[in-house]
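Taking it in order: structure first as structure tokens, then the write-up.
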Amino acid sequence: NMGMSHINMHLKGNHKELRITAVADINPERLEAAKKANSTRTWKEVTFACVDEKEFELAKETGLNILVAGDEISELVYYYEKNEYFDEVIDLLEAGLKLEEVHVVMFTELAILYSKYKEEKLYDYLKQYISKIQCQKVIPTVNMNQQWKELVFLYVQEDQVKAIET
């Protein structure tokens, strides 16, 4: 063993469950197995394995499959952030902007990431994607980071939504 562990994926019966035992060396056959299983949980495990091995291009390719499932996006972002791969997670979510069927959570998470790590992109992003962003989830981070112009913009949007709803 040269210090490299491997991802072993096995399709099991009708469940098409992908089992991953440790990390590394993802070859085309293994990726094909992930595609056949096509479950969010499987894509998440494969993406986390790629991140662990710093295979960020492959992680982006597999991670795009997670961006359609809202309940997994925050965990995906957290995994990158706890490992301090801020640019890489932003790169993944920016790639998601080009997809047709991404979940609204992705737009919200990207706004929060811009607030934390790429402040210069935040205002234009908010203006472009405000209809897809959950303002109430972005406001605390923007407030904490003292991004006043962006905060006012978010509050105005929230007020407009409330006015429409009443």
Side-chain angles (χ1 to χ4, degrees), residues 1-13 15-126 128-130 132-134 137-138 140-142 144-145 147 150:
N1 188 328
M2 298 168 64
M4 287 292 259
S5 46
H6 293 288
I7 294 179
N8 293 314
M9 300 180 203
H10 306 283
L11 292 173
K12 288 183 172 179
H15 299 290
K16 291 186 178 174
E17 185 179 303
L18 200 57
R19 198 177 88 243
I20 298 180
T21 58
V23 185
D25 220 25
I26 301 168
N27 63 36
E29 294 82 31
R30 292 183 173 136
L31 272 180
E32 200 53 45
K35 288 175 188 168
K36 284 179 185 168
N38 198 25
S39 77
T40 305
R41 191 182 119 252
T42 300
W43 284 121
K44 188 174 67 175
E45 290 176 3
V46 172
T47 302
F48 288 0
C50 293
V51 169
D52 290 342
E53 290 297 316
K54 297 180 179 65
E55 292 287 342
F56 295 113
E57 278 306 306
L58 198 52
K60 180 165 59 172
E61 184 182 321
T62 59
L64 289 173
N65 294 285
I66 299 167
L67 300 182
V68 296
D71 52 339
E72 304 289 347
I73 296 172
S74 296
E75 187 181 348
L76 177 70
V77 169
Y78 174 75
Y79 196 83
Y80 275 84
E81 276 192 294
K82 78 174 185 175
N83 289 295
E84 299 184 1
Y85 300 134
F86 312 120
D87 291 338
E88 292 80 4
V89 71
I90 288 170
D91 189 42
L92 168 57
L93 297 193
E94 285 175 343
L97 292 173
K98 298 176 184 91
L99 299 176
E100 283 183 33
E101 294 185 27
V102 294
H103 195 279
V104 66
V105 171
M106 190 210 74
F107 293 95
T108 301
E109 289 288 347
L110 186 52
I112 292 168
L113 288 168
Y114 281 158
S115 176
K116 292 177 179 177
Y117 310 113
K118 296 216 181 218
E119 184 178 358
E120 69 282 358
K121 288 187 166 192
L122 180 60
Y123 190 65
D124 288 336
Y125 177 76
L126 291 175
Q128 184 172 356
Y129 292 104
I130 195 63
K132 297 179 179 183
I133 293 170
Q134 298 163 303
K137 293 191 176 176
V138 179
T141 304
V142 172
M144 186 179 69
N145 293 326
Q147 295 154 330
E150 293 81 355

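Treat the numbers as computed from the prediction; the structure is a model and nothing was measured.
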query: What is the distance from atom NZ of K44 to atom CG of D71, rounded to the nearest 0.5 Å?
result: 8.0 Å
- prompt: Taking all atoms of both residues into account, what is the closest heavy-atom pair of G63 and L76, and its distance?
  reply: O-CD2, 4.4 Å
- prompt: Mind checking whether L110 and K121 have side chains closer than 4.5 Å, heavy atoms only?
  reply: no
- request: Would you name the heavy atoms of V51 and A59 that are closest together and state the gap between them?
  value: CG2-CB, 3.9 Å
- prompt: For T47, which residues count as a side chain to side chain donor-acceptor pair (under 3.5 Å) partner, sequence neighbours excluded?
  reply: T62
- request: State, with a plain yes or no, whether a side-chain heavy atom of Q147 is found less than 4.5 Å away from one of S115.
  value: yes
- request: Check whether any side-chain heavy atom of F56 sits under 4.5 Å from a side-chain heavy atom of Y80, and report yes or no.
  value: yes
Would you tabulate the side-chain donor-acceptor contacts of residues 95-103 under 3.5 Å, counting partners in other chains and residues two or more places apart, or write 'none'?
{"unit_1": "H103", "atom_1": "ND1", "unit_2": "V105", "atom_2": "N", "d": "3.0"}

message: Can you tell whether the side chains of E88 and K54 come within less than 4.0 Å, N to carboxylate O?
response: no
field: For E150 against E119, the heavy-atom pair lying closest together
entry: OE2-O, 4.5 Å
Any E57 side-chain heavy atom under 4.5 Å of E55 side chain: no
task: Could you walk me through whether L122 and N145 pass the side-chain contact (heavy atoms from CB on, under 4.5 Å) test, one step at a time?
output: CA-CA 12 Å; L122 180 60; N145 293 326; over 6 Å; no
message: Are there over 12 heavy-atom neighbours, none belonging to Y123, within less than 6.0 Å of that residue's OH?
response: yes
- prompt: If you measure from CG on L64 to CE on M106, what distance do you get to the nearest 0.5 Å?
  reply: 9.5 Å
query: Are any non-hydrogen side-chain atoms of Y125 and I133 less than 4.5 angstrom apart?
result: yes
task: Would you please test E94 and Y114 for side-chain hydrogen bond (donor to acceptor under 3.5 Å, both in side chains) and show each step?
output: CA-CA 11 Å; E94 285 175 343; Y114 281 158; 2.5 Å; yes
query: Which atom names give the shortest non-hydrogen contact between E72 and T40, and what distance separates them?
result: CG-CG2, 3.2 Å
message: Taking the side chain as everything from C-beta on, heavy atoms only, tell me whether E109 gets closer than 4.5 Å to V89.
response: no
message: Going by the rule side chain to side chain contact (heavy atoms under 4.5 Å, CB included), which residues pair with N83 if we only count those two or more places apart in sequence or in a different chain?
response: Y79, Y85
field: Closest approach of K118 to I90 (non-hydrogen atoms, all atoms of both residues)
entry: CG-CD1, 3.8 Å
- prompt: Does the side-chain contact (heavy atoms from CB on, under 4.5 Å) test come out yes or no for D87 and D91, once each step is laid out?
  reply: CA-CA 6 Å; D87 291 338; D91 189 42; over 6 Å; no
field: Heavy-atom side-chain contact between L58 and E53 under 4.5 Å
entry: no
message: Using side-chain heavy atoms (C-beta onward) and a distance below 4.5 Å, is T108 in contact with I112?
response: yes
statement: Interatomic distance, CG@L93 vs CD1@I73, rounded to 0.5 Å, equals 7.5 Å
